[in-house]
Amino acid sequence: MNLWGIRNWPAVQELLLEHLYLAVVPTVVGVAVALPIGLLLRDRRRARSIAVVLSSMVFTIPSLALFVVLPVILGTRVLDPINVVIALTLYTVALSVRTTFEALDAVPAATREAATAIGYSSWKRALAVDLPLAIPVLTAGTRVVAVTNVSMVSVGAVIGIGGLGQLFTTGYQRDFPEQILTGLVLILLLAIVFDRIIALIGRAFTPWIRGASLKASERRLRALAQALPEVGRLREVVGRVR
């Protein structure tokens, strides 16, 4: 961050917090809405196709147009931040529904069949088997969505809402590059931090693909190998008794 950003930190911090709110809330709400939709429609071919088409249509709507139209539809004020939250939530749902389908499709068919064979119902298998195994793909998709939202919040600055994006509009109007640079650097840092947090959350929920888990498996294998001679001697003792 340049000296302008440090000298004006209180004002910049307020914009940073607003940007954080406008990016985090739609990401969390959108993923929470998309997951049940993906699970519900995963095996219903026609409904799934309709959901994919609707998702694509929503995502093609220009964000600036949506920011302007939503106040008319919802009856909110033009400068109400809820317009940006709802618009980005719609985009997040549109992207995350498709990601959920792809993540569930990535679960090996043999694993699903094995779960069904041992008595798992459709929903129990979806929650206990499919969803945990889909986490790596879901995490990757959510990281893309989160970084996209951090970037798209800036567009709201054109209508007076947009957190750090307001540094772009006012910096451009004042012909003040340092202010624009401050906004760029902070948005980039925010996207990186957001991305890493989601990656760490995904890593925490998938211990079986972590290096630590591999090391633990190696330790268990070494312990088993050391126990094998004892098993051999036990067999000899049993043989002598017989």
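Computed from a prediction, not measured in an experiment: that's the story for all the values here.
Using a 4.5 Å cut-off on side-chain heavy atoms (C-beta onward), I201 and T139 make no contact. With contacts defined as side-chain heavy-atom distances shorter than 4.5 Å, the pair T182/F176 does not qualify. Residues S55 and V93 form no side-chain contact, since every pair of their non-hydrogen atoms from C-beta on lies 4.5 Å or further apart. L39 has its side chain within reach of L104: a pair of non-hydrogen atoms, C-beta onward, lies under 4.5 Å apart. With a 4.5 Å cut-off on side-chain heavy atoms, R7 and E178 count as touching. Using a 4.5 Å heavy-atom cutoff, the side chains of L133 and T206 are not in contact.
Pairs passing the salt bridge (Lys or Arg N to Asp or Glu O under 4.0 Å) check and including a residue from residues 57-75, sequence neighbours excluded, do not occur. Counting only residues at least two apart or in different chains, salt bridge (Lys or Arg N to Asp or Glu O under 4.0 Å) contacts with residues 164-175 are absent. Under the side-chain hydrogen bond (donor to acceptor under 3.5 Å, both in side chains) criterion, the residue pairs touching residues 26-39 are T27-N149, with sequence neighbours excluded. Among pairs with a residue in residues 102-138, none fulfils ring pair (Phe, Tyr, Trp, His ring centres under 6.0 Å), at least two apart in sequence or across chains. For residues 121-141, every residue pair satisfying the salt bridge (Lys or Arg N to Asp or Glu O under 4.0 Å) rule, not counting sequence neighbours, is listed here: R125-D130. Within the structure, no pair that satisfies the salt bridge (Lys or Arg N to Asp or Glu O under 4.0 Å) test touches residues 109-119, not counting sequence neighbours. Counting only residues at least two apart or on different chains, no ring pair (Phe, Tyr, Trp, His ring centres under 6.0 Å) pair has a member in residues 133-152.
In this view, Y91 and F59 satisfy the ring pair (Phe, Tyr, Trp, His ring centres under 6.0 Å) rule, not counting sequence neighbours. With sequence neighbours excluded, the residues satisfying salt bridge (Lys or Arg N to Asp or Glu O under 4.0 Å) with R143 are D195. In this structure, the side chain to side chain donor-acceptor pair (under 3.5 Å) partners of T170, at least two apart in sequence or on a different chain, are Q179.
Pairing each heavy atom of A126 with each of P132, the nearest pair is O-CD, 4.4 Å. Between F168 and I180, the shortest heavy-atom distance links the atoms CE2-O, 3.5 Å. Closest of all the heavy-atom pairs between S154 and I187 is OG-CD1, 3.2 Å.
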Can I get a per-line list of side-chain donor-acceptor pairs under 3.5 Å for residues 11-25, giving both atom names and the distance, sequence neighbours left out?
{"unit_1": "H19", "atom_1": "ND1", "unit_2": "G162", "atom_2": "O", "d": "3.4"}
{"unit_1": "H19", "atom_1": "ND1", "unit_2": "L164", "atom_2": "N", "d": "3.1"}
{"unit_1": "H19", "atom_1": "NE2", "unit_2": "V150", "atom_2": "O", "d": "2.8"}

Can you give me every donor-acceptor pair (side chain of residues 64-77, partner residue at least two apart or in another chain, under 3.5 Å) with its distance?
{"unit_1": "T76", "atom_1": "OG1", "unit_2": "N83", "atom_2": "OD1", "d": "2.5"}

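The OG atom of S121 sits 8.5 Å away from atom CG of L127, with the distance rounded to the nearest 0.5 Å. Taken from OG in S96 to CG in L138, the straight-line distance is 8.5 Å, to the nearest 0.5 Å. Taking CG of L95 as the start and OG of S56 as the end, the distance is 9.5 Å to the nearest 0.5 Å. Here the CD1 atom belonging to I197 is positioned 12.0 Å from the CD1 atom belonging to I192, to the nearest 0.5 angstrom. Residue F194 holds its CZ atom at 10.0 Å from OG1 of T142, rounded to the nearest 0.5 Å.
Hydrophobic clustering (side-chain heavy atoms under 4.5 Å, transitive across Ile, Leu, Val, Met, Phe, Trp, Tyr) groups M57 together with I50. Note on V145 and V29: same hydrophobic cluster, where clusters join Ile, Leu, Val, Met, Phe, Trp and Tyr whose side-chain heavy atoms are under 4.5 Å apart, directly or indirectly. In terms of hydrophobic clustering, with Ile, Leu, Val, Met, Phe, Trp and Tyr side chains grouped at heavy-atom distances under 4.5 Å, V158 and I61 are assigned to a common cluster. Hydrophobic clustering (ILVMFWY, side-chain heavy atoms < 4.5 Å, transitive): I82 and L79 are in one cluster. When the side chains of ILVMFWY residues are joined at heavy-atom separations under 4.5 Å, either directly or via intervening members, L184 and V155 end up in two distinct hydrophobic clusters.
No side-chain donor from either of T100 and R42 sits under 3.5 Å from a side-chain acceptor of the other.
I37 pairs in a side-chain contact (heavy atoms from CB on, under 4.5 Å) with only one of the listed residues (L35, L41, L40), which is L41.
In this structure, T169 contributes its side chain and Q166 its backbone to a donor-acceptor pair below 3.5 Å.
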